[in-house]
Structure formats: C-alpha cells, structure tokens
Amino acid sequence: MPSLSPNLCLPLPSHFHLKIMNSPNNKNNKNINQTSLSLHNKQNKFNSFNFKQLNKAISNLNLTQTQSATPTQTHNISLLLKSCIRTQNLQLGKLLHRKLTESQLELNSLLLNSLITLYSKCGDPQTALSIFQNMDKNKRNIVSYTSMISCFANNGMESKALLLFLELLLKDGLYPNEYCFTALIRSCSNSKFFEIGLALFGFVLKTGYFNSHVCVGCELIDMFVKGGGGCADLESAHMVFDKMREKNVVTWNLMITRLAQFGYHGDAIDLFLSMLVSSGCTPDRFTLTSIISVCAEIQFLSLGKELHSWVIRSGLAMDLCVGCSLVDMYAKCGLVQDSRKVFDGMSDHNVMSWTAIIAGYVRGGGGQEREALRLFSDMMLQGSVSPNCFTFSSVLKACASLPDFVFSEQVHGQTIKLDLSAVGCVGNGLVSVYARSGKMECACKCFDVLFEKNLISRNMVVDDASLKDLNLNSEQDLNRRIEYAGIGVSSFTYASLLSGAASIGRIGKGEQIHAMVVKTGFGTNQCANNALISMYSKCGNKEAALQVFNDMEDRNIITWTSIINGFAKHGFATKALELFYEMLETCVKPNDVTYIAVLSACSHVGLIDEAWKHFTSMRNNCGIVPRMEHYACMVDLLGRSGLLSEAIEFINSMPFDADALVWRTFLGSCRVHRNTELGEHAAKMILEREPHDPATYILLSNLYASEGRWYDVAAIRKRMKQKQITKETGSSWIEVENQVHKFYVGDTSHPKAQKIYEKLDELAVKIKNMGYVPNTDFVLHDVEDEQKEQYLFQHSEKLAVAFALISSTPKPKPIRIFKNLRVCGDCHMAMKYITMVTGREIVVRDANRFHHIKDGTCSCNDYW
DNA sequence: CTAGGGTTAG
C-alpha cells in the first residue's frame with residue numbers, strides 16, 4: 001500500500017512551487033460553497049425545461065449586434081448552454097452554437113469555456129478541442145485549461161490530459177486549482193498512469209489541495225479503487241476516505257457504493273450505519289439505492305424492509321432508481337409479489353425497472369416465466385422503453401423454459417433488430433434456447449455470430465489509431481488497455497464465448513478460443529481459465545480440463561468447483577473427491593455449489609456414507625444451508641441404490657416442499673428399479689408443479705413400456721396430444737473438423753448417408769458375433785421384431801458413431817457425441833461393444849450426464 | 001464557465 005505522503009516526484013518547473021504557495025486555496029472554500037449553492041438553484045429552475053421550451057428559448061434568443069456579449073446576454077446564453085449540457089442535448093447545443101457563430105457576436109471566456117464543456121460532456125472531444133485551440137490567447141484562462149483537461153480525462157484521452165497540464169504549468173499567470181487536480185487525478189485512474197496519480201496524491205497532500213474540496217478526495221478514492229495494474233486497492237481508498245477532513249453525503253455514498261461493488265457487503269452496511277450515527281449527513285436517494293442493492297445481494301430482507309419504510313417516509317418513493325432497487329431487492333429475497341407491488345406502484349418505468357421485475361419472475365422459476373414474458377410483451381407494446389442486453393438475458397432464460405417456440409423466435413428477431421444478438425449474455429441465451437429445443441443448426445448459427453462478431457471487434461480495436469499513440473510495449477499492455485476501456489475483448493468476452501461453445505458441445509471452437517486466450521495474453525487470467533475448465537468438462541474432454549487446472553497458479557473456489565464438478569459429471573467420483581480433499585488442504589473454503597458437485601459425485605457411484613458425511617458437514621462446519629439441489633442429490637443417491645422408501649421418507653422430511661427437480665430425480669430411480677407405483681406418484685407430483693413438462697410424460701410412458709403396460713402408454717400419449725405437448729425429437733450431433741453433423745433417427749439426409757449405413761451394417765455383424773443382443777424394449781410395441789431391430793439400429797447416436805468411424809478423425813482421440821435426450825439403453829449397450837471391436841473410446845454427453853465408454857465398460861456403471 | 005455518488009444479468 002502506498003504511504004499517505006509519498007515523495008513529490010512530478011517534474012515541475014521551479015516557479016510553480018511559488019505559485020502554489022501564493023494560491024489562496026483556503027479562502028476559496030466559502031466562495032465555492034456559495035457558487036455551488038447558487039448554481040444549484042439555477043439548475044433547479046431549468047430542471048423543468050423540456051425539449052420544446054428549450055428549443056423555443058434558443059430560437060427566440062435576441063442577439064442584437066453589439067460587438068461583444070453584454071453581461072445579460074452572457075448570463076442568458078450560459079443558462080441555455082447549461083440546460084443543453086444537463087439534458088445531454090447536443091442537437092440543441094449545436095443549434096445555439098451555430099446561432100452564436102452566425103450572429104458574429106464576440107464571445108468572452110465564460111461562453112467559450114461553456115461551449116468546450118458542452119462538447120466535452122456530450123462526447124464530442126474533437127469540437128471541444130478545436131474551440132480551445134481557436135480561442136484568443138488572452139481569453140484562454142485556467143477554466144479553459146481545466147475544462148479541456150477534464151474533457152480529455154472523460155473521453156479516454158488521458159495522456160493528452162496530462163500533456164495539456166504540463167503545457168499549463170509553463171504559462172505565466174495561470175495557476176492550476178482544485179478543479180484541475182480533480183480532472184488530473186481522474187486521468188490517472190487507470191493502470192497506465194497510476195504512478196503519476198500517486199505523485200499527484202503526494203502533491204495535493206503537501207499543498208493542502210487535498211482538503212480544499214471534497215471532489216479531490218473522491219477522485220483519489222476512485223483512483224485507488226481502480227488501482228494500479230488493474231488491481232483494486234480498497235484499503236488505500238478507505239484510508240483516503242478516513243483522512244478527508246470534510247465529507248459530504250456524496251463522499252459517503254461513493255465509499256459505500258465502492259465497497260458494495262467489490263463485494264464487501266458487510267463493510268458497506270457497517271459504513272452506512274456509521275454514516276447514520278456519526279456523519280451528520282442524511283442518506284439520500286443515492287445512498288438508499290446502493291444500500292438496498294446490498295440488501296438484495298445478500299438477501300438481507302429485514303434491513304431491506306426497514307429501508308423501504310424509510311424511502312416512503314422520506315418522500316423518495318417516486319425516485320426511479322430507488323424504486324428499481326426495491327423491486328430487485330424483494331425479488332432477490334424471494335418475495336416476487338412484494339416486488340410486483342413496488343413495481344406497479346412506480347409512477348414511471350425505465351429499462352432497469354422492467355428488467356428487474358422480469359428477472360425476478362424468471363429467477364423465481366416454477367412457471368413464473370410466463371408472467372415474465374407477459375410483462376416483456378407489455379413493455380414492448382408500450383414502446384416507450386427499449387429492452388437492453390440485460391433484459392434479453394432474462395427473457396431468453398424464460399423462453400428456454402417454455403415449450404412454445406414462436407415467442408422465442410420473435411425475441412430472437414428483436415435482438416437482431418436492436419443489434420444485440422452478438423452481446424455475450426444475449427448470444428449465449430439464444431444458443432441455449434435453440435439447443436434446448438434440439439434446433440442445433442440455429443444454436444450453432446447464433447454461436448457463430450457471437451464468435452465472429454467478437455473476433456471482429458477485437459481486430460477493429462487493434463487497428464484503432466488512437467490506441468497506437470499510447471506507446472504500448474506489449475500485447476499484454478494492449479489487452480489491459482482494451483479490457484479497461486470496456487471495448488473489444490476482455491476475460492468476460494472469452495468466458496461467455498466459452499460457455500456458448502460448451503453448451504452446444506463445439507469443442508473445436510472451444511479449442512480455437514483457447515488458442516486466442518493464450519495468444520492475447522489472457523493465458524494466466526483466472527476468469528478465462530475457469531471458463532476453459534468448464535468448457536472442456538462440458539465438451540467431454542476431462543483430460544484437457546485437468547491440464548488447464550494443473551497449469552493454473554491462481555485458483556479460486558470457482559476453479560476448484562469447476563474441476564470437481566467436471567469429474568463428478570463424468571462419473572469419476574474418486575478423482576472428484578480426491579480433488580475436493582486437496583482443495584480443503586489448500587484452505588479454500590467450499591461453497592454451496594461445491595457441495596452440489598461433491599454430492600453428485602457421490603451419488604454417481606453410490607457412495608452413501610461419504611455423501612451423508614458431506615451433507616451434514618456442509619451445514620455444521622461450513623454454515624451452508626442445503627438447497628433444493630442438495631436435497632435432489634441425496635434423493636438421487638438413495639434412489640439409485642434402490643432405497644426407494646428411504647428416499648420418499650427423506651423427501652417428506654425436507655424443511656420445504658420438494659420441487660419438480662427432486663421428484664424428477666426420484667422418478668428416474670423408480671424407472672431404473674421398475675417401481676411403477678412410486679413412479680406414478682412421483683410423476684403426479686411433478687405434473688402438479690410443472691404441468692407442461694414433456695420429459696415427465698416420456699419418463700412415465702417409458703416406465704409403463706418397460707412393464708409392457710401398453711394400454712397406459714397409449715393413454716399417456718393421448719393426454720399429451722390433448723395438452724398439445726410435443727416430445728422433443730431425439731437427435732445426436734458430432735463435430736468433425738470444426739463442422740457440426742447432426743442426425744435424427746433413420747436419417748438419410750447426410751451426404752455420406754450410404755457409407756454410414758454400410759458401416760452400421762458392418763458393425764452390426766461384428767458386435768452380434770461378440771454377443772450383442774438388440775434390446776427391442778426401447779421401440780414401439782406394434783412393430784414386427786425384425787423391423788424393430790432395424791429401427792433400433794438407425795437411432796441417431798448410432799448414426800453419429802458410424803459417421804465418426806468413417807471420418808478421418810485421428811485415432812487416439814475419443815469420439816465425442818452429443819445427444820439432446822437421454823441416451824437409449826440399447827445404444828448404450830451397442831456402443832460398449834463398438835468400443836471393443838474398434839478399440840476406440842466413445843464419450844457421449846446426453847441430457848443428463850456423460851458416458852465415457854472404453855473397452856466395453858462405461859463410467860456410468862450402467863446407471864443413469 | 002471548470003470537479004464527485006445510484007439501479008438491471010451471468
């Protein structure tokens with residue numbers, strides 16, 4: 001941490017020290033306060049100006065032909081300019097500017113400076129600069145310089161800000177003031193100029209500018225938060241905060257917000273409490289918004305409610321942002337109804353309040369997705385608010401959970417129209433919507449858009465001329481710069497690309513992204529590596545996942561959880577548990593997700609005692625309260641071991657009502673152990689909770705089929721027809737040479753179909769000789785036996801295997817197949833024989849889990 | 001005329 005009085009090391013000219021000594025910065029305090037007070041009043045007066053009024057006022061502005069602007073004219077013009085700035089209306093600002101130019105009125109410093117500010121704040125630094133450059137030398141005062149420095153600082157041209165400051169120091173009669181230092185420190189608030197920022201920090205401490213205005217301190221706090229080398233230094237930020245002589249409500253808000261943004265929720269609440277007790281400042285809309293969001297994050301409902309009543313009592317209930325945070329807080333605390341009440345009571349809505357309530361319903365799940373989509377439709381119909389990527393992220397999640405597809409396609413259209421389909425969370429949402437419906441072509445297309453657009457944006461950034469003058473020495477520098485600027489590639493971009501590739505199993509693309517990660521200097525980035533581990537795991541390549549894991553130096557809980565989960569999903573429980581114990585030794589604390597991985601590892605291989613041990617220890621030793629998912633793992637474990645009545649007892653003893661997931665897990669066990677009676681009960685429970693779940697109907701119908709109860713099978717099919725529930729069409733796909741090949745049952749559309757079927761015939765003969773007997777239980781009963789067998793041998797997963805074998809995939813590599821439904825029992829058996837006759841390893845990812853099939857055995861132990 | 005703070009997703 002830097003010392004609070006670092007050495008002064010700025011290369012300042014000698015006369016500068018003198019100037020500072022003479023500068024009357026203490027006397028200024030009073031003036032500043034007065035200025036800002038009167039300014040405040042003026043702002044309020046213009047708050048009520050709408051576009052029309054402002055337009056009219058500008059048009060009616062009387063610019064009589066005097067040589068230079070009179071005090072009254074100056075006053076009026078400056079007020080109008082301020083209104084344009086406040087409303088970010090560059091259009092009207094330009095109109096006013098044009099009128100001034102046309103009138104040939106000679107503009108004084110004040111007006112020219114105001115024009116610089118107008119262009120600066122409306123994102124047009126070039127025009128601001130040209131006004132500054134064309135100003136008469138004798139009109140260019142300290143305010144002009146400060147406005148221009150601030151313009152550079154706020155428009156991503158930090159080096160130019162510093163250079164202009166150096167130029168200012170050489171001007172006789174001009175003295176930098178606290179406004180100027182504030183802008184300078186802001187310029188240094190990125191990693192590149194952090195060192196200069198430290199020097200400025202020392203300087204303002206020595207000269208007393210540090211306490212001359214709260215803004216200087218605020219800017220310093222943010223500088224440390226952004227930190228040197230991209231690493232936040234909250235401790236130093238907090239020290240600056242403590243050291244500030246005067247703090248106003250903004251200062252408190254800033255510190256509270258930054259603590260919250262960096263995940264120090266408890267500290268943020270503590271600071272809020274000391275603000276109440278000892279600051280003498282009254283919390284305002286900003287404070288409440290921030291702290292209510294903290295309550296949402298950590299689900300601190302009691303404080304959240306308290307703050308809600310405060311909001312009402314203090315008359316802030318009509319504030320849009322406060323309302324948004326309340327909507328979000330109630331939703332995140334699980335009280336969607338209360339959230340809705342706040343939402344309905346708001347006088348106005350913006351994209352955030354809509355998104356917050358929609359996300360609330362989506363998060364709640366259990367059929368509430370429909371209400372979320374209804375609200376989304378309302379929002380679109382009203383038309384005053386346009387959805388953004390956050391909105392789509394939630395809406396697409398809702399789409400993925402619903403059977404109707406028309407709506408999803410409309411949403412997809414909207415994302416294209418608004419040019420958001422290549423934004424990470426939107427693109428991934430689209431990919432998973434299509435992937436879940438088995439529309440792999442569409443899923444792949446959406447992914448490719450994501451993949452290519454993100455590549456292009458990176459290339460554009462590299463070509464950007466303004467980055468070239470920054471004198472970057474290495475590619476790492478460039479990336480840090482890009483990441484900081486929030487454009488182009490960041491570790492987040494990679495993470496979202498990787499999760500997209502993983503969800504559709506495109507390992508080839510995943511490998512390409514991996515190469516890009518390394519090439520662009522993110523090879524040691526924790527977030528990118530965590531995403532790589534998940535991607536390789538989800539694509540069935542556990543060796544590559546382990547390789548990434550082993551090469552990582554900096555592992556966090558997500559890293560460990562990802563690798564443990566990877567092995568657990570593949571049925572390698574021993575390795576998963578080994579890693580779990582290794583993790584505990586390195587003193588990384590497991591979280592709730594880690595325990596889901598651990599319990600599912602146990603359940604995949606039937607380690608009952610081990611599972612119970614962890615289930616009790618998670619609560620007792622780690623204070624983690626088991627969630628639905630944890631209970632589901634335990635039900636799975638008991639069910640798999642055939643302890644069906646124990647499983648039912650366990651479900652009944654749960655502290656909350658079991659959801660569809662738990663019952664679906666149980667139904668799976670009933671199917672394997674052929675217990676129709678309990679299975680029917682489980683199915684009934686699921687359909688009570690999710691009446692449109694096609695998977696349940698299928699599972700139940702399979703259960704009846706396995707017992708030969710064809711009458712009941714038919715009844716189920718009829719019911720599905722009545723309810724218009726369609727079974728997902730089974731399909732399998734495989735990636736060969738970066739291209740996805742997809743197959744349906746009996747599919748002959750592939751260009752190499754003839755060769756595929758020849759290979760299948762050849763395989764059939766070979767494996768029958770080894771003892772394979774087709775299991776026709778998996779085919780409809782009213783077909784002749786020979787036909788059944790033929791039908792069976794045209795299952796999509798078998799077609800994919802045959803295609804892999806005739807393709808030139810390198811031999812040592814396993815054949816990786818993906819299936820949208822559960823793999824069929826006969827295919828599973830046949831594949832085991834195929835691994836024996838071909839010596840190849842087959843990895844199948846089905847809807848539920850992974851099957852690593854090698855030398856005639858499968859990692860799932862024939863239980864799935 | 002020049003300076004600072006808030007909300008939505010994974």
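Taking the six-membered ring for Trp, A/Phe181 and A/Phe203 have ring centres closer than 6.0 Å. Here A/Trp354 and A/Phe343 bring their ring centres to under 6.0 angstrom of each other. Between A/His97 and A/Tyr119, the distance from one ring center to the other falls under 6.0 angstrom.
For A/Ser150, the side-chain atoms get nearest to B/dA3 when compared with the rest of B/dA9, B/dA3, B/dC1. With B/dG4, B/dG10, B/dT8 as the candidates, the nucleotide lying closest to the side chain of A/Glu219 is B/dG4. Minimum atom distance to the side chain of A/Val143 is reached by B/dC1, of the listed B/dG4, B/dC1, B/dT8. Of the candidate nucleotides B/dT7, B/dG5, B/dT2, B/dT7 has the atom nearest to the side chain of A/Cys321. Out of B/dT7, B/dC1, B/dT8, the shortest distance to the side chain of A/Cys324 is found at B/dT7. Side-chain proximity of A/Asn350 to the nucleotides B/dT7, B/dG4, B/dT2 is greatest for B/dT7. Nearest nucleotide to the side chain of A/Asn248, out of B/dG10, B/dA3, B/dG4: B/dG4. Taking only side-chain atoms of A/Phe390, from C-beta outward, the nucleotide of B/dA9, B/dC1, B/dA3 with the closest atom is B/dA9.
By the 5.5 angstrom centroid cut-off and the 30-degree plane limit, A/Tyr179 is classified as stacked against the base of B/dT2.
Between A/Gln261 and the phosphate of B/dG6, there is a side-chain N or O to OP1/OP2 separation shorter than 4.0 Å. For A/Arg363 and B/dA9, the shortest distance from a side-chain N or O to OP1 or OP2 is below 4.0 Å. Note on A/Lys397: a side-chain N or O is less than 4.0 Å away from OP1 or OP2 of B/dG10. Between B/dC1 and A/Lys121, no contact under 4.0 Å exists linking OP1 or OP2 to a side-chain N or O. In this model, the phosphate group of B/dA9 is approached by a side-chain N or O of A/Lys332 to a distance below 4.0 Å at OP1 or OP2. Side-chain nitrogen and oxygen atoms of A/Arg258 include at least one within less than 4.0 Å of the OP1 or OP2 phosphate oxygen of B/dG6.
Checked by distance alone, A/Asp222 brings no side-chain donor or acceptor within 3.5 Å of a matching partner on the base of B/dG4. In this model, a side-chain donor or acceptor of A/Asp319 finds a partner on the base of B/dG6 within 3.5 Å. Between the side chain of A/Asp284 and the base of B/dG5, a donor-acceptor pair under 3.5 Å is found. Judged by distance alone, with hydrogens and angles left aside, A/Ser290 brings no side-chain donor or acceptor close enough to the base of B/dG6 to form a pair under 3.5 Å.
Under the rule for a salt bridge (charged side-chain N to carboxylate O under 4.0 Å, His left out), A/Glu369 has no partner lying at least two apart in sequence or in another chain. Residues meeting the side chain to side chain donor-acceptor pair (under 3.5 Å) test with A/Lys341, sequence neighbours left out: none.
In this structure, A/Trp354 places its CH2 atom 17 Å from P of B/dA9, rounding to the nearest Å. A straight line from CZ of A/Arg140 to C1' of B/dC1 spans 16 Å, rounded to a whole angstrom. A/Met255 places its CE atom 13 Å from the C1' atom of B/dG5, with the value rounded to the nearest Å. Atom-to-atom, NZ of A/Lys247 to C1' of B/dG5 comes out at 15 Å; the value is rounded to the nearest Å. Rounded to an integer number of Å, the gap from A/Leu271 CG to B/dG5 C1' is 13 Å. One can place CZ of A/Phe286 at 10 Å from P of B/dT7, the figure rounded to the nearest angstrom. One interatomic measurement links the two molecules: CG of A/Asp348 to C1' of B/dT7, which rounds to 14 Å at whole-angstrom precision. Protein atom CZ of A/Arg340 is 17 Å distant from nucleotide atom C1' of B/dT8, rounded to whole Å.
In this structure a side-chain-to-backbone donor-acceptor pair under 3.5 Å is present from A/Arg140 to A/Gln133.
Taking the charged nitrogens against the carboxylate oxygens, A/Lys160 and A/Glu167 have no contact shorter than 4.0 Å, which rules out a salt bridge.
Across all strands, A/Asn388 comes closer than 4.0 Å to base atoms (heavy-atom distances). Looking at heavy-atom distances under 4.0 Å, A/Ser114 makes contact with sugar-phosphate atoms alone, never a base. Nucleic acid contact class of A/Val322 (heavy atoms, under 4.0 Å, all strands): base.
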